[in-house]
Amino acid sequence: MITIEQADRLKKLPPYLFAELDRKKAEARSRGVDVIDLGVGDPDLPTPDNIINKLAEAAREPQYHRYPTYTGMNEFRKAVSRWYKKRAGVDLEPIQEVVSLIGSKEGIAHIPLAFINPGDVVLVPSPAYPVYAIATLFAGGIPHEMPLLKENSFLPDLGQIPADILGKAKMMFLNYPNNPTAAPATREFFRTVVDFAEKHNIMICHDFAYSEMTFDSYVPPSFLEIPGAMDVGIEFHSLSKTYNMTGWRIGWAAGNAKIIDGLGRIKSNIDSGIFEAIQVAGIEALEGEQQCLADMRDIYTERRDVLIGGLRKLGINVEPPKATFYVWFEVPSGYSSASFAALLLEKSGIVATPGNGFGSPGEGYVRMALTVSKERLAEAVERINTAGF
Ligand SMILES: *Cc1c(COP(=O)(O)O)cnc(C)c1O
């Protein structure tokens, strides 16, 4: 027998706050409860046919069966740079300024390994996608939370970051349109970020996963379109949410060549790139028929209106989001995030994600994802009405 002990980096992981809810969800299902799961940020809609057909075709090509290039097929990276030109007016040199990723999560998880030494500080939003802080810890860095508060429109207040932290800060993660709060960012905010980055010598990593998942004709700005952004940062993006491709694992990072180079060097020592048939299908996603985007927005708009309209009628104060497929709202008074989520499941068979699970400033909120049909959302509202919170 040997002693099997996990490394300190695993012991340092923050507690998994959804464990209790996961257990209750499984238990409700085993009791035969018809659970309406609004907990998971994973599109329920299928990948568009033209993309699937392209993969099926490409999968038969022996040239794609070999190891892919580490940093991505040139053709895919060129398609990404054409997308940036069309979508954001940004000129990118496809080989130096774009790297393909096995989903953006992969790049987010690896980037601190390229730039963060033990003791360096990484500024991370909170509440947030958990990977920013965890990737920082894995690299030996120190995550410093920037609270996203309603009174600041869920943008970090950069003036609140203490000077001694700023002295040690090397990198900042941002994510707009935002998960979990659904908040958008303005160009003005991004301009402030570029100036701040220049002044304090901080690399910016902007996560743009929800750029196309929008409502009411809103077009979110890319960080890279801000003058000076290419000097200080990169943007992560992915086909996952835009084209219902979460299972395919394809994304990219684009922007400053030195930052892209560092990420590429880490990757080339850890993974061997994305199956090239999937990259060929990715080009089809970016450059084929785009009707699927309008269809997706119509479907989420209907769902949003059913859920928001229903919750408002019940007296719950909730703002319609401009982007993402999340609805983020304050729990009724007298509840915490966890107690409200627990009661929703117990009384109504509805799973919502407690906001504190994304970081302590999320306490007092829950997140619902628009990843079930509008009929199921209407039923969810009806069940909440019957339970009478
Ligand atoms: C879904 C999501 C991603 C996308 O992850 P992939 O690895 O590209 O599937 C990235 N960031 C945030 C904030 C997300 O919610």
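Note that ligands are numbered from 1 as they come in the structure, with each ligand's atoms numbered from 1 the same way.
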- Message: Checking Phe18 against Phe358 for the ring-ring contact (aromatic ring centres under 6.0 Å, His included) test, could you report, in this order, the C-alpha distance in whole Å, the side-chain angles of both residues, the deciding distance, and whether it holds?
- Response: CA-CA 10 Å; Phe18 304 132; Phe358 299 101; 5.7 Å; yes

Does ligand 1 have any N/O pairs with the protein under 3.5 Å, and how far apart?
from     : atom 1 : to     : atom 2 : distance (Å)
ligand 1 : 5 (O)  : Ser104 : OG     : 3.4
ligand 1 : 7 (O)  : Ser104 : N      : 3.2
ligand 1 : 7 (O)  : Lys105 : N      : 2.9
ligand 1 : 7 (O)  : Arg249 : NH2    : 2.6
ligand 1 : 8 (O)  : Ser104 : N      : 2.8
ligand 1 : 8 (O)  : Ser104 : OG     : 2.8
ligand 1 : 8 (O)  : Ser238 : OG     : 2.7
ligand 1 : 8 (O)  : Ser240 : OG     : 3.4
ligand 1 : 9 (O)  : Ser240 : OG     : 2.6
ligand 1 : 9 (O)  : Arg249 : NH1    : 2.8
ligand 1 : 11 (N) : Asp207 : OD1    : 3.4
ligand 1 : 11 (N) : Asp207 : OD2    : 2.6
ligand 1 : 15 (O) : Asn179 : ND2    : 2.9
ligand 1 : 15 (O) : Tyr210 : OH     : 2.6
ligand 1 : 15 (O) : Lys241 : NZ     : 3.2

- Expected output: side-chain Thr214 to main-chain Ala323 donor-acceptor under 3.5 Å: no

- Message: Can you tell whether the side chains of Glu106 and Arg249 come within less than 4.0 Å, N to carboxylate O?
- Response: no

- Decide, yes or no, whether a salt bridge links Glu346 with Lys24 under the criterion of side-chain N to carboxylate O below 4.0 Å. no

- Item | Nearest-0.5 Å distance that lies between atom SG in Cys205 and atom CE in Met171 | 4.5 Å

- salt bridge (Lys or Arg N to Asp or Glu O under 4.0 Å) with Glu27: which of Lys25, Arg31, Arg29? Arg31

